[in-house]
Amino acid sequence: MSSPPSVDPAASQPFSAVTPILVSSSSSPGPSSNPTSTAPTFKRRRIADPEPNLDDPFAAEDDDNYTPYVPVHQRKQAKLAHLASRNLLNASTVASLGGRLGGGGAASASSDHDDGGGTAVGDDSNSKPGSSSAAALMGRGESLMDQTLRMHESERPKSAAEVAMEKEAELLKSLLLKKQLASDKEKAHGIKYQDPIKTSWKPSRELLARGPEYFARIREKYHIDVEGDDVPPPITRFHEMKVHQCIVEYLAKAKGIQRPTPIQIQGIPTVLAGRDMIGIAFTGSGKTLVFTLPLVLFAVEEELKLPFQRGEGPVGLIMCPSRELAKQTHEIINNLASVMAQDGYPKIRSLLCIGGINMAEQYQTLQQGIHVVVATPGRLKDMLAKRKFHLRNCKYLCFDEADRMIDMGFEDDKIKDFAQSALVKPVTVNVGRAGAANLNIVQLVEYLLEVLQRTPPPVVIFAENKHDVDDIQEFLLSKGVKAVGTHGGKTQEEREFAISSFKSMERDVLVATDVASKGLDFDEIKHVINFDMPKEIEDYVHRIGRTGRRGRTGVATTFINAEQCSPQILLDLKYLLKEASQKIHPFLLSIEDPAEAIAAVNAAAGGKADDGKGCSYCGGLGHRLAACPKFEADKRAEAGNLRDMYSTGRGIGGGGDY
Ligand SMILES: Nc1ncnc2c1ncn2[C@@H]1O[C@H](COP(=O)(O)OP(=O)(O)OP(=O)(O)O)[C@@H](O)[C@H]1O
């Protein structure tokens, strides 16, 4: 963890203009941190609430329990005045501090003391004796009697209260003298971090004693590639990571998570150790826990140090590319937080900050101070602009699925620049590059790579499911194939970028769900690969129709998982291939065809018009209307539309996730 300084999009750049990191954690300095020191410290401080925003739909709810916030400098000023009145600060200090604080009570009180001249001296000699006022008299020719009295006075043992007050006065003095009154933005300017931040987490001595060769063997065993300096050790058990017992039990009992996955083995210790990290692993490999678990533990630690109050936090921010993902992550954090709370730790509060939800529902959470924000970029910018919270105390930053930013149009170079400038000595953890073949899905996509070689680009790969599209694209990218992806879960902008970069041949492979098959008019496509068989034959026809356009030749390859396909669609395919005089796979030929039985019955009855084949609704040759999947789907859609029409419904809005 380290870099970038205070992440405050409202104050600096648009937030979305960053990051290549799949999973990373970052930190910002507290106002008193020294960026050039080797071990910067991060201190949370109380920060004045922003002015209430009257335009805010739920600002009015603030009023009920509103306690006016007294800015820190005003409180210090009052304190100084108080101390000065008790002669616990010497006159020159009060004058100088008063000046820094822009005049006011303490400064004017002190100038009375400090002004030379008989009256002042006489006044002081009558005042309650104290070391500072006595010191102020030293250079003014005090009498022997005065000196003797002062010496006796200094020998008098001080009461505990006086000692405490003096100590406080000293602390206040040093704090104010050292601290420049500059904004966070000014302070962050030009800050360049040299070292990762320090955390309280350390691997146990026994674990470290196993040594680098042992760690290398673990990485080899789990196909974990690492890059970076002083990479923290891989740890294969949660309890050895020093994760709290209550969490270990929760993971095992409630989630069935007994042992860390490879990305967790290397990723969790890396994040716990405070290192910036770029984590790359396949979908479903457990990346989420890599950044949520350390964040919850870290937030608990911060809460224990200094409980969060209204207007404070978050210490951690997780950026997600979609609302669904943000919701899921927020829930995971809440679950972990509840487990900790049930075990007697303070409760960590997470704020879900996404479009399409009513933030007023989370008002209660905001009121109490928040530890974590899980956000999509658009709503985050909006909330920051409304000053609902700020990111001045944010030390931990994670971009989940950062690679999707590339799909959104951020150029690779810019992302690399950002990673280089923002991350401090990052550790890259890449799981599956070497040993991907032990995952089932990867075996299939490995085969996909072979199929891809059959023709030159451009190639389109279709998959039914958005997640599969993401997985395939991720896999191809990791293999160095220039792939881009599009599906209904992406924004209009993302989709347009995907299609345009494919059409301009900047990307060789387009991975898409059927949304892209309908309108994609691009003559150059050499090969269509169906990663799966669509549910309706019409979609299959649309898909393969992307190639072989305008008299050109094209190739279509289809992966068939017999267990996932309906017999109808397979029969449809069989007849389609037959009709087009294509070679038919023996597996398709072996499928029993009920239509042949119907035809036989018809023939026996002397019927001629119906040969028993073909659907009168969708034209598929492998089934009858009664078994038509398209007919069924259309009926369902129609029923759904009617329901929508008659429901009073919630408003639609919010736009995309970005
Ligand atoms: N160590 C583990 N052992 C078993 N299951 C795990 C482990 N860690 C996480 N899981 C489970 O695996 C599933 C996938 O995890 P997760 O969503 O974190 O994967 P991911 O890598 O983030 O995937 P995606 O890239 O799709 O977001 C979840 O149901 C999670 O509870």
Side-chain angles (χ1 to χ4, degrees), residues 19-25 218 221-224 234-241 243 247-272 277-297 318-339 354 374 376 398-407 428-433 435-436 438-442 445 463 465-478 483 485 487 489-490 511 513 657:
T19 197
I21 331 155
L22 244 190
V23 174
S24 88
S25 52
I218 294 289
K221 178 173 170 189
Y222 292 102
H223 310 291
I224 301 168
I235 305 181
T236 54
R237 296 296 176 102
F238 287 115
H239 70 266
E240 287 189 334
M241 294 176 188
V243 170
I247 295 280
V248 177
E249 277 169 21
Y250 161 76
L251 290 177
K253 287 183 192 153
K255 295 276 149 193
I257 297 176
Q258 308 281 353
R259 283 175 163 230
T261 60
I263 186 73
Q264 294 165 353
I265 287 175
Q266 183 61 69
I268 295 178
T270 303
V271 181
L272 285 172
M277 183 179 120
I278 298 169
I280 304 162
F282 292 105
T283 273
S285 56
K287 294 187 289 290
T288 316
L289 204 63
V290 174
F291 57 85
T292 50
L293 179 57
L295 174 54
V296 169
L297 300 183
I318 296 173
M319 298 295 300
C320 299
S322 73
R323 294 171 186 179
E324 294 73 28
L325 197 60
K327 261 191 224 163
Q328 237 174 278
T329 307
H330 171 70
E331 272 169 31
I332 291 171
I333 289 174
N334 274 344
N335 290 343
L336 292 171
S338 300
V339 172
I354 60 174
V374 184
T376 48
C398 171
F399 287 93
D400 194 8
E401 302 206 358
D403 49 350
R404 281 191 54 185
M405 299 282 184
I406 299 174
D407 286 353
T428 302
V429 181
N430 193 338
V431 174
R433 193 155 56 190
N438 65 351
L439 300 169
N440 290 337
I441 181 160
V442 177
V445 283
N465 179 300
K466 291 179 213 170
H467 284 299
D468 287 344
V469 167
D470 289 340
D471 291 354
I472 296 165
Q473 188 206 355
E474 193 174 309
F475 174 80
L476 293 176
L477 287 171
S478 77
H487 55 63
K490 302 208 175 200
V511 193
T513 53
D657 286 321

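Read the numbers this way: they start at 1 and go in the same order the structure lists the ligands and their atoms.
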Q: In sequence, state the C-alpha distance, the side-chain angles, and the governing distance for D470 and K490, and then conclude on side chain to side chain contact (heavy atoms under 4.5 Å, CB included).
A: CA-CA 11 Å; D470 289 340; K490 302 208 175 200; 4.1 Å; yes

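- Nearest heavy atoms, V271 versus V290: CG2-O, 4.0 Å.
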Q: Show your working on side chain to side chain contact (heavy atoms under 4.5 Å, CB included) between I247 and L251 and close with a plain yes or no.
A: CA-CA 6 Å; I247 295 280; L251 290 177; 4.0 Å; yes

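- Using 4.0 Å as the threshold, Q264 has a heavy atom nearer than that to some atom of ligand 1.
- The ligand atoms of ligand 1 that sit less than 4.0 angstrom from a heavy atom of P260 are 1 (N).
- Checked against a 3.5 angstrom limit, the closest N/O atoms of T288 and ligand 1 fall inside it.
- Considering backbone and side-chain N/O of Q258, none are found under 3.5 Å from N/O of ligand 1.
- No side-chain donor-acceptor contact under 3.5 Å links K287 to the backbone of I263.
- A donor-acceptor pair is defined here as one N or O able to donate and one able to accept, closer than 3.5 Å; such a pair exists between the side chain of Q264 and the backbone of T261.
- The ligand atoms of ligand 1 that sit less than 4.0 angstrom from a heavy atom of T261 are 1 (N), 2 (C), 7 (C).
- Residue contacts with ligand 1 include S285, since one or more of its heavy atoms lies under 4.0 Å from the ligand.
- In terms of N/O distances under 3.5 Å, ligand 1 is approached by K287.
- Taking any N or O of G286, backbone or side chain, at least one lies under 3.5 Å from an N or O belonging to ligand 1.
- Residue M241 is tested with T236, I268, L297 for a side-chain contact (heavy atoms from CB on, under 4.5 Å); the sole match is I268.
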